[in-house]
J.: 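Below you will find the structure I want to go over with you.
Quick note on labels: first sequence line is chain A, next is B, and so on, each numbered from 1. On a predicted model such as this, the values are computed, not experimentally measured, just so you know.
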There are 2 protein chains.
Amino acid sequence: MSASQIQMDPALPPRESWADINDDCPIFQSLGVLSTRSAFLVLREAFYGATRFDQFAQRADISEPVAAARLKELTEAGLLEKHPYREPGQRTRNEYVLTDKGADLLPTLLALFRWGERWVFGDGIRADIAHASCGASVDAVVTCEHGHRVPPGELRFRRNPARAS
Amino acid sequence: MSASQIQMDPALPPRESWADINDDCPIFQSLGVLSTRSAFLVLREAFYGATRFDQFAQRADISEPVAAARLKELTEAGLLEKHPYREPGQRTRNEYVLTDKGADLLPTLLALFRWGERWVFGDGIRADIAHASCGASVDAVVTCEHGHRVPPGELRFRRNPARAS
DNA sequence: CGGCATCCTTAGGGATACTG
DNA sequence: CAGTATCCCTAAGGATGCCG
């Protein structure tokens with residue numbers, strides 16, 4: 001067992017025998033909404049401030065039909081909300097804004113962002129996301145509820161646990 | 001501007017005018033390897049301890065051709081390494097093990113795992129990943145290099161920064 | 001401006017069968 | 001056991017055009 005693997009609770013049966021291996025997996029369920037490239041890109045633009053149809057299509061560099069499909073799916077899945085609004089003197093527009101559910105994907109997107117910087121761009125960093133009030137770069141850090149930074153190799157998978165509160 | 005959006009460095013031009021908006025984006029580049037559901041599932045199983053072809057196909061619940069395609073792509077992309085090995089008295093087998101590059105996706109997978117638990121399963125938690133030495137649940141927490149836990153709304157996007165070290 | 005309808009091409013992925 | 005080959009179906013996504 002390598003140090004990068006997650007330890008399995010010794011009380012668990014071998015994984016091959018698990019029923020509903022994907023139905024019970026939160027990663028698999030998350031992929032139900034997030035399995036396409038364009039979904040990630042639309043969410044990226046939502047975090048970067050896009051709110052209108054055109055902005056999503058243009059900034060994510062996807063076609064309008066794809067933007068329409070993604071915005072609809074993400075809205076139906078509850079990650080975005082569609083708000084009609086009207087600026088004074090303008091006609092009614094729609095804006096798409098992140099819900100709490102959508103906004104909670106920030107750590108996922110940030111983790112992906114950082115991974116790409118480290119392993120695709122290497123030292124040729126092109127962009128950065130920082131803590132506005134102190135200026136230091138941010139990352140998604142594996143941390144336990146007791147505040148410990150947890151190295152890979154100290155992770156253990158459990159089923160139906162009593163959550164540590 | 002909502003609290004869930006990432007602030008843009010005021011010195012930056014409007015995003016619509018950026019050239020190579022995707023070429024320079026680490027998220028987009030990461031999606032080059034990770035845009036399919038099966039790629040996430042194969043990596044999930046690698047973290048859960050799978051090393052052999054059969055294990056990946058069976059535990060991820062994907063067909064053999066798909067498993068073969070994903071293992072090949074992930075190996076070529078440097079996330080997995082294929083090692084021939086031989087147990088005493090057995091014939092030669094291949095095992096696929098996470099490289100440092102692949103293992104570094106753990107925060108991403110963990111963030112997705114936690115998101116699914118919170119928003120798909122809600123309170124009906126089915127599984128948990130914990131800090132083995134203290135028992136507390138772990139999560140991918142947005143943290144800056146100075147150790148601050150950074151709330152959404154305090155994030156700022158910069159281009160070509162001098163990294164805070 | 002903010003979409004949707006249509007058409008087309010490519011990619012993802014299952015089933016089955018076969019091979020070293 | 002560890003794949004590959006073939007076939008087929010569906011999903012992703014671009015291009016174009018239309019429409020309120």
J.: Under the rule for side chain to side chain donor-acceptor pair (under 3.5 Å), what residues qualify as partners of B:Arg52, not counting sequence neighbours?
T.: none

J.: Set out, line by line, the N/O atom pairs under 3.5 Å between protein and nucleotides 14-18 of chain D.
T.:
residue, atom, partner, partner atom, Å
D:dG14, OP2, A:Ser63, N, 3.1
D:dG14, OP2, A:Ser63, OG, 3.2

J.: Between A:Leu112 and A:Val141, is there a shared hydrophobic cluster once you connect ILVMFWY residues whose side-chain heavy atoms come closer than 4.5 Å?
T.: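 No; A:Val141 is not reachable from A:Leu112 via cluster members.
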
J.: Roughly what angle, to 10°, lies between the helix axis at the start of the helix from C:dC1-D:dG20 to C:dG20-D:dC1 and the one at its end, five pairs per end?
T.: 40°

J.: Please report the distance, rounded to the nearest Å, between CZ in A:Arg37 and C1' in D:dA11.
T.: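 Distance, rounded to whole Å: 14 Å.
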
J.: Backbone N or O of A:Asp128 within a donor-acceptor pair of the B:Arg159 side chain at under 3.5 Å?
T.: no

J.: Could you check which residues of residues 69-84 of chain A get a heavy atom under 4.0 Å from DNA chain C? Sort them by number, please.
T.: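 Those residues are A:Lys82.
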
J.: With a cut-off of less than 4.0 Å, is there a side-chain N or O of B:Tyr96 near OP1 or OP2 of D:dG3?
T.: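 Yes.
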
J.: Return the set of residues passing salt bridge (charged side-chain N to carboxylate O under 4.0 Å, His left out) with B:Glu64 (not counting sequence neighbours), or none when no residue passes.
T.: none

J.: Is the backbone N or O of B:Gly153 less than 3.5 Å from a side-chain atom of B:Gln7, with the two atoms forming a donor-acceptor pair by type?
T.: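 Yes.
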
J.: Just by modelled atom types, is the A:Val150 backbone N or O under 3.5 Å from a matching donor or acceptor in the A:Glu154 side chain?
T.: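 The answer is no, because no donor-acceptor pair under 3.5 Å joins these two groups.
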
J.: Side chain to side chain contact (heavy atoms under 4.5 Å, CB included) for B:Phe40 and A:Leu31? Distances and angles first, verdict last.
T.: CA-CA 8 Å; B:Phe40 279 95; A:Leu31 294 172; 3.6 Å; yes

J.: By salt bridge (charged side-chain N to carboxylate O under 4.0 Å, His left out), which residues pair with B:Arg44, not counting sequence neighbours?
T.: none

J.: Go through the structure and list residues passing salt bridge (charged side-chain N to carboxylate O under 4.0 Å, His left out) with B:Arg149, not counting sequence neighbours.
T.: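 Applying salt bridge (charged side-chain N to carboxylate O under 4.0 Å, His left out) to B:Arg149 gives none.
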
J.: Give a yes or no on whether the ring-centroid distance for A:Trp119 and A:Phe113 is below 6.0 angstrom.
T.: no

J.: Can you list every pair that meets salt bridge (charged side-chain N to carboxylate O under 4.0 Å, His left out) and has a residue in residues 94-107 of chain B, with sequence neighbours left out?
T.: A:Arg118-B:Asp104

J.: Using the test ring-ring contact (aromatic ring centres under 6.0 Å, His included), find all partners of B:His148 that sit at least two apart in sequence or belong to another chain.
T.: A:His131

J.: A:Leu105, A:Val97: one ILVMFWY side-chain cluster at the under-4.5 Å cut-off?
T.: no

J.: In residues 38-60 of chain A, which residues come under 4.0 Å of DNA chain C by heavy atom?
T.: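 When residues 38-60 of chain A is checked for heavy atoms under 4.0 Å from DNA chain C, the hits, listed by number, are A:Arg52, A:Phe53, A:Asp54.
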
J.: Please name all residues satisfying side chain to side chain donor-acceptor pair (under 3.5 Å) with A:Glu81, sequence neighbours left out, ordered by chain then number.
T.: A:His83

J.: Reading DNA chain C 5' to 3', which nucleotide is the first, and which the last, to come under 4.0 Å of any heavy atom in chain A?
T.: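 It runs C:dC1 to C:dA5.
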
J.: Measure the spacing between CZ of B:Arg114 and CD1 of A:Ile27 and express it to the nearest 0.5 Å.
T.: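 It comes to 10.5 Å.
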
